[in-house]
K.L.:
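Take a look at this one; I'll ask things after.
Chain identifiers are assigned alphabetically (A, B, ...) following the order of the sequence lines, protein sequences preceding nucleic acid strands; residue numbering begins at 1 within each chain.
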There are 2 protein chains.
Amino acid sequence: MAIPKKTNSCKACTNKSSCFRKLTEEQLELIDKNRLEVSYKKGETILKQGSFASSILYLKKGLLKLYIEGKNDKNLIISIIPEGNLIGLPSLYGDPIYHYSAMAYEDSTICLIDIDMFRQLSQDNAQFSSEVIKILNELTIHSFDRFFAISQKNIPGRFADLMICLSKSIFKSEKFNLPLSRKELAELTSMSIESLSRVIKDFNDEKLIRIEGKEFEILDLKKLQQISENG
Amino acid sequence: MAIPKKTNSCKACTNKSSCFRKLTEEQLELIDKNRLEVSYKKGETILKQGSFASSILYLKKGLLKLYIEGKNDKNLIISIIPEGNLIGLPSLYGDPIYHYSAMAYEDSTICLIDIDMFRQLSQDNAQFSSEVIKILNELTIHSFDRFFAISQKNIPGRFADLMICLSKSIFKSEKFNLPLSRKELAELTSMSIESLSRVIKDFNDEKLIRIEGKEFEILDLKKLQQISENG
DNA sequence: CAAAAAACACGATTTAAATCAAGTTTTATT
DNA sequence: AATAAAACTTGATTTAAATCGTGTTTTTTG
């Protein structure tokens with residue numbers, strides 16, 4: 001974890017989370033004054049499941065995974081989070097501990113916002129509060145989708161699902177650079193590394209995708225969607 | 001669906017959801033005046049995934065399942081809901097459709113609360129709003145747990161998990177009557193009916209549980225927890 | 001209450017995917 | 001740049017769990 005430092009201001013932050021747009025200028029300034037900005041290197045742990053939830057985190061720059069830690073290295077990735085998103089909201093009210101861990105997939109910049117201040121803002125500003133609910137609900141719905149795919153679909157279906165999700169929801173492009181190892185991709189789709197390797201080869205051979213190292217490109221979205229549906 | 005009728009008042013409702021306790025008397029009366037009370041028979045569909053979210057539902061009496069509908073009868077049960085709980089909150093802000101279906105496991109009574117009124121109350125009453133967030137977060141955390149169990153644990157582990165969850169979270173007793181068919185229990189644990197049948201037999205033989213028809217009793221919680229951990 | 005249908009149990013067989021094994025490529029380290 | 005280590009690929013084998021087949025019990029219905 002690097003030494004805290006601040007750059008820019010919340011007001012000037014171009015990709016801020018939708019809920020912050022609901023704040024008054026004074027409220028945004030309050031956050032700005034009290035936030036801490038921290039840099040993490042690729043692979044560093046940002047949040048540890050089970051620790052006290054003292055902050056809501058804002059991912060200013062980078063890419064990370066949220067995951068549940070189980071026994072014997074059995075991890076379950078809840079979600080991939082691109083920049084502009086909040087982390088830790090499920091700990092805002094209720095049990096004041098973090099329910100998942102977070103790890104940086106690439107070098108990332110995080111703003112730490114004191115959770116009590118965040119709570120106070122949700123009490124003072126109903127618009128902000130309902131936007132927070134909206135964000136929470138989007139995470140819930142997204143995790144239901146993942147839940148469904150992982151528990152009901154076969155290997156090609158799950159991988160097609162992942163490709164579509166990355167392209168549409170995360171990178172918003174049919175071509176993207178994904179800084180994940182095969183091990184991490186396997187974890188993401190709940191399959192073994194070998195099965196992942198095979199499905200990549202198959203999809204490459206059938207020209208559904210083009211994967212070279214960390215370079216991904218969707219070639220046949222229609223067919224991928226079909227595989228996702230039937231799988 | 002039966003003809004709407006009302007019994008008692010919200011004020012007198014003994015097992016009301018925690019968020020309603022945060023309302024003023026006037027606000028609670030407002031709900032009371034505008035709510036509809038509907039009865040459902042066992043097996044009836046209460047909510048249909050994909051339909052317009054016009055109400056937040058309150059389960060006054062009964063037991064139901066929330067589930068995601070997939071293709072080819074591939075359903076995924078999100079959660080079992082005992083009385084006193086709200087249904088449809090993930091549709092409060094954001095996409096105004098229901099993201100899951102709900103079916104009555106036993107004869108149930110539901111209060112329908114207009115979603116716009118519910119939204120208005122969350123705008124007017126910050127305490128209410130934060131309690132709603134708390135409830136949403138509990139659902140999220142609970143579904144993460146289920147997510148993890150189903151995607152990472154083997155059959156005995158998943159079934160032990162279910163038994164512990166039913167006993168501790170739903171029925172709050174080591175003895176309970178569960179009005180579910182084997183098919184529904186199988187759906188709940190993402191396994192085939194035959195596998196479920198076998199694990200029930202095994203657990204019965206090993207005296208971990210006593211299951212006779214719909215009568216369930218936990219006999220050896222310690223061992224169940226061990227199986228859940230290792231599975 | 002009898003007949004039909006549905007739910008359930010359980011052994012045999014199949015199958016999807018994990019594990020194992022061995023080689024190759026890429027990345028990191030001295 | 002040479003060596004070691006890690007990451008990745010690919011085929012062979014194993015295995016957990018699904019499916020299939022059949023008999024039994026329970027529930028529903030005319």
Side-chain angles (χ1 to χ4, degrees), chain A residues 41-43 70-76 105-107 149-162 177-206 209-216 227-228 230-231, chain B residues 41-44 70-76 103 105-107 149-162 177-206 209-216 227-228 230-231:
Chain A
K41 290 268 169 225
K42 181 178 176 165
K71 287 211 162 185
N72 310 87
D73 270 308
K74 280 185 183 176
N75 292 343
L76 176 77
Y105 273 144
E106 50 186 43
D107 293 357
I150 286 183
S151 65
Q152 309 275 334
K153 291 185 184 178
N154 62 14
I155 281 183
R158 300 208 296 273
F159 189 71
D161 241 43
L162 176 67
N177 192 288
L178 189 65
L180 271 66
S181 69
R182 295 295 188 250
K183 183 176 183 300
E184 280 160 330
L185 282 174
E187 215 177 23
L188 200 49
T189 39
S190 271
M191 64 180 81
S192 68
I193 296 170
E194 294 93 330
S195 292
L196 180 96
S197 198
R198 270 182 272 269
V199 74
I200 285 179
K201 181 185 151 60
D202 292 347
F203 278 27
N204 252 329
D205 288 353
E206 289 165 50
I209 51 171
R210 192 183 55 76
I211 300 183
E212 282 166 30
K214 315 283 186 199
E215 271 294 330
F216 289 70
I227 291 169
S228 161
N230 300 329
Chain B
K41 291 266 169 227
K42 181 177 175 166
E44 277 191 298
K71 287 212 163 183
N72 309 87
D73 271 308
K74 279 185 185 179
N75 293 342
L76 176 77
M103 194 204 81
Y105 273 144
E106 50 185 45
D107 295 356
I150 285 182
S151 65
Q152 308 275 332
K153 292 184 182 178
N154 62 13
I155 281 184
R158 299 209 296 273
F159 189 70
D161 240 43
L162 175 66
N177 192 288
L178 190 65
L180 271 67
S181 68
R182 295 293 188 253
K183 183 177 183 298
E184 279 160 331
L185 283 174
E187 214 177 25
L188 200 51
T189 40
S190 272
M191 63 180 81
S192 69
I193 297 171
E194 295 92 330
S195 291
L196 179 94
S197 198
R198 270 182 274 269
V199 75
I200 285 180
K201 182 185 150 59
D202 292 347
F203 279 27
N204 253 327
D205 289 352
E206 290 167 48
I209 51 171
R210 192 184 55 77
I211 299 183
E212 283 167 30
K214 316 283 185 199
E215 271 295 330
F216 289 69
I227 291 169
S228 161
N230 300 329

K.L.:
Measure CD1/I150(A) against P/dA17(C) and give the value in whole Å, please.
P.N.:
13 Å
K.L.:
Establish whether the base of dC20(C) is bridged to the side chain of E194(A) by a donor-acceptor pair shorter than 3.5 Å.
P.N.:
yes
K.L.:
Among the candidates dA17(D), dA17(C), dT9(D), find the nucleotide nearest to the side-chain atoms of I193(A).
P.N.:
dT9(D)
K.L.:
For dT26(C), does either OP1 or OP2 sit under 4.0 Å from a side-chain N or O belonging to K214(A)?
P.N.:
no
K.L.:
Expressed in angstrom and rounded to an integer, what is the separation of I200(B) atom CD1 from dA9(C) atom P?
P.N.:
6 Å
K.L.:
Does the side chain of M191(B) come within less than 4.5 Å of R158(B)'s, by heavy atoms?
P.N.:
yes
K.L.:
Less than 4.0 Å between a side-chain N and a carboxylate O, is that true for D202(B) and R198(B)?
P.N.:
no
K.L.:
How long is the line joining NZ of K201(A) and P of dT25(C), in whole Å?
P.N.:
14 Å
K.L.:
Please check if the side chain of K214(B) supplies one atom and the backbone of P179(B) the other of a donor-acceptor pair under 3.5 Å.
P.N.:
no
K.L.:
Roughly how far apart are F216(B) CZ and N177(B) CG, rounded to 0.5 Å?
P.N.:
8.5 Å
K.L.:
Rounding to a whole Å, what distance do you find between N154(B):CG and dA17(C):C1'?
P.N.:
15 Å
K.L.:
Across the strands shown, which category fits S192(B) at heavy-atom distances under 4.0 angstrom: base, sugar-phosphate, nothing?
P.N.:
base
K.L.:
Could you tell me the separation between the CD atom of E187(A) and the C1' atom of dA18(C), rounded to a whole number of Å?
P.N.:
16 Å
K.L.:
Which nucleotide in the list dA17(D), dA18(C), dT19(C) gets nearest to the side chain of P156(B)?
P.N.:
dA17(D)
K.L.:
Got a donor-acceptor pair under 3.5 Å from the side chain of R182(B) to the base of dT25(D)?
P.N.:
no
K.L.:
Which comes earlier along DNA chain C counting from the 5' end, the contact point of L196(B) or that of K153(A), where each point is its nearest nucleotide?
P.N.:
L196(B)
K.L.:
How long is the line joining CZ of R198(A) and P of dC8(D), in whole Å?
P.N.:
15 Å
K.L.:
Quick check on dC8(D): is either OP1 or OP2 less than 4.0 Å from any side-chain nitrogen or oxygen of S197(A)?
P.N.:
no
K.L.:
Compare the minimum distances between each of dC8(C), dA17(C), dC10(C) and the side chain of I155(A), then state the nucleotide with the smallest one.
P.N.:
dA17(C)
K.L.:
In terms of side-chain geometry, is the basic nitrogen of E212(A) or R210(A) positioned less than 4.0 Å from the acidic oxygen of its partner?
P.N.:
yes
K.L.:
Please give, in whole Å, the distance from dC8(C) P to I211(B) CD1?
P.N.:
12 Å
K.L.:
In this structure, how many angstroms lie between the P atom of dA5(D) and the NZ atom of K183(A), rounded?
P.N.:
20 Å
